[in-house]
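Contents: one structure, followed by commentary.
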Amino acid sequence: MTDSVSAAGTVIKSAEALQKARALRPLLRAHAPDCEAARRLTEPVVTALTEAGMFRLWLPGRYGGTQAGARTLVEVVAALAEGDGSAAWVTSHIAVGTWLAAQFPEPARSELLAYPNVRITGVLAPTAQARPVPGGWRVTGRWPYNSGGPISTHVMLGSLLADDTGRTTSQAACAIPVEDIVFEDTWHVLGMRGTASSTATATDLFVPEGRVVPMHELVGPLDQDAGAPLMPFLLLAILSPQLGMGRAALAHVLAHAPDKPVLGTFYDTQAESVAFQLHVAEAAVKIETAEALALRIADELDVATENATRLSFADRARTRALVSRAVTEVVDAVTLLANEHGAGGFADSSPFQRIWRNVNMAARHMNASPAVAHETYGKSLLGRPDRAARTV
């Protein structure tokens, strides 16, 4: 770690964060239906997550953060997801967004992170145009799927920077106070409803020069072989909620198996059925496989961060492929559990149907696509110069 917090102190704070996350699960579970209905996290949930320091997991200690590593993020977010997948998803994305603000140059970094209860969401895809004006930039654009926007203090939005002639020169991240952004209510979906992943919009918005930072200054040149591990961090933010939701699905099915009959068979309960036993074991192994992959990736990232090692394109391509495999394992596990648990799990009153919807919705994130991930990794293994993914 480069911050003044000792390694021992960081370990203690990380352990405390995991303990707090586990303690939050009953509250998150109880509020999950209300978050779904509101299509955003409710105030009691936001307050509890804030007070527990969940949104500051990756911030350096000097900014009041836990200064946790990637492994801690995976473990903490997965624990939260056992209570509610939407709350865990928003937490992981705000943790990444707020960490990214810590990479900004001064004085913007200190200004952003000194904000009370700072929570930074965002979309880094450059779906906007920025033109230079005295003292900064004028930004216009729309950014779909800005998870957690309504509870954020700032948004980190990707933009294409143009010169005076209108020619695009680079890609940048713009840090903008949330009150300067208009959110279009576009998040009407099957799953992850509580994430409030609506569309952020801005029209001719002035952003001061210090809060517009070219992406290559934050994460290294995007078109070169070596780069900082921003994308692997983002991938873990997508994967970690899946792990906890997988565990929650398994726990729900196992809890009901001793009392739930297997209709049309000679078994009085699911727990007595050999077929049921085989399938829940297979599901459990798939979830544990996903967890093992996630922790392996996290440990590799922590070592790279500790040693200030830049990850090669091959390393990042492999990471993306492993993340997509882990996500697929969780989806397959939850599908097996749904088949064994039966139609009752899809009743409105059952938490299982929410987990099933959330897992399947989250798995459709573009960065979790197995096809793109495997093609990218395959090209890397074969030394092909062409690439499938724009960023890895």
Side-chain angles (χ1 to χ4, degrees), residues 1-6 9-10 13-14 17 50 53-70 72-73 90-126 128 130 132 135-137 139 143 146-149 151-159 161 170-181 200 202 205-222 227-234 236-237 301-302 304-306 308 310:
M1 297 289 179
T2 58
D3 196 67
S4 59
V5 176
S6 67
T10 299
K13 291 177 73 175
S14 295
T50 301
M54 295 294 105
F55 299 123
R56 289 176 173 262
L57 282 173
W58 270 357
L59 273 185
R62 64 181 178 273
Y63 295 115
T66 302
Q67 197 171 324
T72 298
L73 183 83
V90 171
T91 298
S92 66
H93 282 69
I94 289 179
V96 172
T98 308
W99 166 81
L100 190 60
Q103 316 309 309
F104 268 51
E106 292 291 359
R109 175 173 63 223
S110 293
E111 291 171 356
L112 289 167
L113 298 181
Y115 199 90
N117 293 326
V118 60
R119 295 187 290 267
I120 302 178
T121 61
V123 180
L124 293 180
W137 300 81
V139 179
W143 297 267
N146 190 98
S147 297
I151 70 166
S152 63
T153 59
H154 300 77
V155 289
M156 191 81 68
L157 301 173
S159 182
L161 301 184
S170 63
Q171 177 181 336
C174 307
I176 303 170
V178 73
E179 56 264 27
D180 293 339
I181 293 294
L205 175 66
F206 176 74
V207 183
E209 186 172 359
R211 295 196 179 190
V212 178
V213 181
M215 287 299 295
H216 66 80
E217 294 183 14
L218 293 176
V219 300
L222 297 178
L230 173 60
M231 183 55 73
F233 283 153
L234 291 173
L236 284 180
L301 286 178
D302 283 339
T305 301
E306 189 73 28
R310 299 183 71 78

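Across all non-hydrogen atoms, the minimal contact from Ala128 to Val139 is CB-CG1, 4.2 Å. Contact record, Phe206 with Gly135: CZ-O, 3.6 Å, taken as the closest heavy-atom pair. Listed here is the closest heavy atom pair of Ala175 and Val207: O-CG1, 4.1 Å. When all heavy atoms of Phe104 and Arg211 are compared, the pair lying nearest together is CE2-O, 3.7 Å. Closest approach of Val96 and Ala237 over heavy atoms only: CG2-CB, 3.9 Å.
Judged purely by atom type and a 3.5 angstrom limit, Gln67 uses its side chain to pair as donor or acceptor with the backbone of Gly61. No donor-acceptor pair under 3.5 Å is formed between the side chain of Lys13 and the backbone N or O of Leu57. No side-chain donor-acceptor contact under 3.5 Å links Thr153 to the backbone of Val118. Between the side chain of Asn146 and the main chain of Ala200, no donor-acceptor pair closer than 3.5 Å is present. Looking only at distances, a side-chain donor or acceptor of Thr98 sits under 3.5 Å from a matching main-chain atom of Ile94.
Rounded to the nearest 0.5 Å, atoms CH2 (Trp137) and CG (Leu205) are 14.0 Å apart. From Leu236, atom CG reaches atom CE of Met231 across 12.0 Å, with rounding to the nearest 0.5 Å. The distance from the CD1 atom of Ile120 to the OG atom of Ser152 is 9.0 Å, given to the nearest 0.5 Å. To the nearest 0.5 Å, the span separating CG on Leu73 from CG on Asp302 amounts to 9.5 Å. For the atom pair His154 NE2 and Glu111 CD, the distance stands at 9.0 Å (nearest 0.5 Å). Atom CD in Glu306 sits 13.0 Å away from atom CG in Leu301 (nearest 0.5 Å).
Using a 4.5 Å cut-off on side-chain heavy atoms (C-beta onward), Ser159 and Pro126 make no contact. Using a 4.5 Å cut-off on side-chain heavy atoms (C-beta onward), Thr66 and Ser14 make contact.
The side chain to side chain donor-acceptor pair (under 3.5 Å) check on Thr50 picks up Arg119, with sequence neighbours excluded. Listed by chain and residue number, nothing satisfies the ring-ring contact (aromatic ring centres under 6.0 Å, His included) test with Trp143 (two or more places apart in sequence, or in another chain).
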Exercise for the section: Apply side chain to side chain contact (heavy atoms under 4.5 Å, CB included) to Tyr63 and Ser110, showing your working. Expected result: CA-CA 8 Å; Tyr63 295 115; Ser110 293; 3.8 Å; yes
Practice task
For Leu124 and Met215, run side chain to side chain contact (heavy atoms under 4.5 Å, CB included): C-alpha distance rounded to whole Å, both residues' side-chain angles, the deciding distance at 0.1 Å, then the answer.
Solution key: CA-CA 9 Å; Leu124 293 180; Met215 287 299 295; 4.1 Å; yes
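Each of Ile176, Leu161, Leu157 was compared with Val212 under the side-chain contact (heavy atoms from CB on, under 4.5 Å) criterion, and only Leu161 meets it.
Using bins of under 30°, 30° to 60° and over 60° for the plane-to-plane angle, the ring pair Trp58/Trp99 lands in the perpendicular bin.
Heavy-atom neighbours of Gln103 CD from other residues, nucleotides or ligands within 6.0 Å: above the threshold of 12.
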